[in-house]
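Just below is one structure, and these are the notes that go with it.
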There are 2 protein chains.
Amino acid sequence: MATASKLSQNRKPGRPSKSEDLRDVILDQAELAFAEFGFEGASLRDIAGRANVNQALTRYYFGSKADLFDACFLRRGGFLAGHRHVNLDRLLEKTPNPEVEDILLAYLKPQWDMKYSGPNGAAFVALQARLHAEPEEHALRLRREVYDASVKRYISALCDALPHIPRDVISTRMAFLVGTYLFMLNDLGRLDDLTDGHLNGFGKEDMLHQLVTFLSAGMRAAP
Amino acid sequence: MATASKLSQNRKPGRPSKSEDLRDVILDQAELAFAEFGFEGASLRDIAGRANVNQALTRYYFGSKADLFDACFLRRGGFLAGHRHVNLDRLLEKTPNPEVEDILLAYLKPQWDMKYSGPNGAAFVALQARLHAEPEEHALRLRREVYDASVKRYISALCDALPHIPRDVISTRMAFLVGTYLFMLNDLGRLDDLTDGHLNGFGKEDMLHQLVTFLSAGMRAAP
DNA sequence: CTTGTTATTATACATATGATTAATTTAACG
DNA sequence: CGTTAAATTAATCATATGTATAATAACAAG
């Protein structure tokens, strides 16, 4: 562990550790606000207020509101993509020819865990769902930048596991999958409405298992 | 077909046919704007401008901005739910014990057709996707009001077709399904990104078929 | 035509917002 | 301590927005 003096050497002068904290505090609160109200609905004043910080600080650190949103998304999105990447590495290392279920689980689990890691994790799920519903070109670029590489690796893994199914079909089904789990995670709390409350019997892990079962069967279906 | 004189008798005095048209023109333009920019992002001025109408007219006809949004959603949402209802009626009448594929197709086709019925149909799909990503209580009530009854009927039909699968599981999978097709329809134009352009070979009908295949397999999966 | 009701517009109001600038504080360093 | 650069704040700007009101236009009825 680095000593305090070493840390202060690495740090640029005039930039104390406290400021790094504020940067993250702003990001955390922005995450919550964007998730709850959407990009247009959230206001910089509100975000700054939640963070107990002057509004101009958001501009100082992140530039425009759009830049703040991007920073928000890239932070946790990058973490998520990285986690997925590692999961697939480990799986392929351990099992040369993994089952479809295992591949899907490697993909879904990080998002799942994030959702239940706390309010900000859940907020990020909502953020993703919103971003997917956004038709703007910029939103599309963001998503591609963060996720595309990882998704393509998983498509390849699925192709290996399902050699009799054309790659085009697998790609399409992978897109189905993204919609399914995103929507589902975001809507989970209200799923009871459809089940007349019978859903309470399912725990979080049960639900993940159900999702994997459902999606694996879809992946395996003869085209 | 009613004569012009008869029509003018049915109409309330002081409410000429032209005004009914404007009401719909506003709804059409609001639909496009809400779909493109979201509820907060769309502005009444912009909507009124597109409709070549004074902004105060939106208030005159619909009240608040939120009311306009609701009217927007209920109009086409009601049409959609009705279409689904009829489709299931006809299916059950024709085939007492229909296949899962037929049930799902009856559910999905109306939305599919709407998407390709023109710009406003496509906009409504985007609107739905946005509304689903919205955590507000009001958005939830809207969706439930429009869709819940219809969805529950389809769940029952699926339970009959899959007697060995518990109702809870079917309900959950039906929720999966909604997420899948909504995001997919909304994302369809950009699906090429994942397939390196190979998707062009699939026509609209092919894609619907692929979706039904995928979802049917998921529905049938042993839980 | 006159009247009363509805449809439509022109205009104004109050406010919330993102951006911006200048001033102030904080901390590292010589 | 004093200097310097970065971090943080206070205050202002210009504007876009939803709401609201009053005036006008269109139209049916008598």
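Lettering of chains follows the sequences in order, A, B, ..., and the numbering in each one begins at 1.
Rounded to whole Å, the distance from CD on Q55(B) to C1' on dA10(C) is 12 Å. Put simply, CG on D21(B) is 17 Å from P on dA26(D), counting in whole angstrom units. We find that NZ of K65(B) is positioned 11 Å from C1' of dA16(D), with the value rounded to whole Å. Following rounding to the nearest Å, F39(B) (CZ) and dG18(D) (P) show an atom-to-atom distance of 8 Å. The distance from atom CZ of F62(B) to atom P of dA7(C) is 12 Å, rounded to the nearest whole Å. Spacing between atom CG of L57(A) and atom P of dT8(D) amounts to 5 Å, rounded to whole angstrom units. Nucleotide dT17(D) holds its P atom 10 Å from the CD1 atom of I47(B), rounded to whole Å. For the pair L22(A) CG and dA6(D) P, the computed distance is 17 Å after rounding to whole Å.
Closest to the side chain of R45(B), out of dT8(D), dA19(C), dG18(D), is dG18(D). You'll find that the side chain of V53(B) is closest to dT9(C), out of dT9(D), dT9(C), dG18(D). For A56(B), the listed nucleotide lying nearest its side chain is dT21(D); candidates were dA12(C), dT8(C), dT21(D). Nearest to the side chain of S64(A), among dA7(D), dA10(C), dA19(C), sits dA19(C). Of the candidates dA19(C), dA7(C), dT9(C), the closest approach to any side-chain atom of N54(B) belongs to dT9(C).
At the phosphate of dG18(C), neither OP1 nor OP2 sits under 4.0 Å from any side-chain N or O atom of R59(A). Dashed line: the shortest gap from a side-chain N or O of Y60(A) to OP1 or OP2 of dT9(D) is not under 4.0 Å. Taking side-chain N and O atoms only, S43(B) has a distance below 4.0 Å to OP1 or OP2 of dT17(D).
Using a 4.0 Å heavy-atom criterion, one finds that A66(A) contacts no nucleic acid atom at all. Nucleic acid contact for A48(B): none, since no nucleic acid atom lies under 4.0 Å from a heavy atom of the residue. Using a 4.0 Å heavy-atom criterion, one finds that L44(A) contacts the sugar-phosphate atoms exclusively.
Under a 3.5 Å cut-off, the side chain of K115(A) and the backbone N or O of A126(A) do not form any donor-acceptor pair.
Taking the six-membered ring for Trp and thresholds of 30 and 60 degrees, F34(B) and F39(B) have nearly parallel ring planes, at less than 30 degrees apart.
Taking the centre and axis of the six-membered ring of Y107(B), the NZ or CZ atom of R84(B) falls inside the cone set by 45° and 6.0 Å.
Side chain to side chain, D168(B) and S171(B) fail the donor-acceptor criterion of an N or O pair below 3.5 Å. Side-chain polar atoms of Q55(B) and Y60(B) form no donor-acceptor pair below 3.5 angstrom.
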